[in-house]
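Right, one structure below, let's go through it.
Quick note: numbers below take in every heavy atom, side chains included, and nothing from hydrogens, waters or symmetry partners. Naming: A, B, ... by sequence-line order, numbering from 1 per chain.
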Amino acid sequence: MNRFQDKFDPRVWEVVASIPPGRVMGYGEVARAAGFPRYSRMVSASLGRSPEPLPWHRVVRSNRTLAFEPGSSAYREQSQLLKQEGVRFDGLKIIEVEPDDSLDRILWGPQD
DNA sequence: GGGCTGACCTACT
DNA sequence: CAGTAGGCCAGCC
């Protein structure tokens, strides 16, 4: 009964909520992580119907571009939210900021 | 049942 | 690296 729930599946919710700030995941990646390979389209449908506020802006296409039409209000909103978290853009493509502890190491020393 | 749609993906050219 | 083609799955006529 591993079946995607109508409207919204809590497993998708958990996966999306677990994406740390400054990092992004593809729709397909989220689907796999939630246990539903090839359900990328359902992930997008779920995000729009989430009952709770989710960091939906951290979910992007597998090619590292946003899923909205460039210039649309949704696109601007998502890109702004991502930039606030330190994500950089090279035109339409996202330059994912590495988990980059390089700076942390300089400031705080090796974590280990 | 058949056909179209969508915040998609992979493979191939 | 960009563009195209075919595949995927649930929801709604």
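Taken from CD in A:Glu29 to OG in A:Ser40, the straight-line distance is 11.0 Å, to the nearest 0.5 Å. Considering OG1 of A:Thr65 and CG of A:Asp90, their distance stands at 12.0 Å, rounded to 0.5 Å.
Atom pair A:Leu82:CG and B:dA7:C1' shows a separation of 13 Å (rounding to whole Å applied). Atoms CZ (A:Arg38) and C1' (C:dG6) sit 15 Å apart, rounded to a whole Å. Look at CZ on A:Arg76: it is 17 Å from P on B:dA7, rounded to the nearest Å. The CE atom of A:Met42 sits 7 Å away from the P atom of C:dG11 (whole-angstrom rounding). As rounded to whole Å, 9 Å separates atom C1' of C:dG11 from atom CZ of A:Arg49.
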### Message
Walk along nucleotides 8-13 of chain B from 5' to 3' and tag each nucleotide B, S or - by protein heavy-atom contact under 4.0 Å, base first, then sugar-phosphate.
### Response
BSS---
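Residues A:Ile94 and A:Phe89 are in side-chain contact: their nearest non-hydrogen atoms beyond the backbone lie under 4.5 Å apart. Residues A:Arg41 and A:Tyr27 are not in side-chain contact: their nearest non-hydrogen atoms beyond the backbone lie 4.5 Å or more apart.
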### salt bridge (charged side-chain N to carboxylate O under 4.0 Å, His left out) assessment of A:Glu85 paired with A:Arg23
CA-CA 8 Å; A:Glu85 300 184 346; A:Arg23 301 289 302 286; over 6 Å; no
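Using a cutoff of 4.0 Å between basic side-chain nitrogens and carboxylate oxygens, A:Glu77 and A:Lys83 are not scored as salt-bridged.
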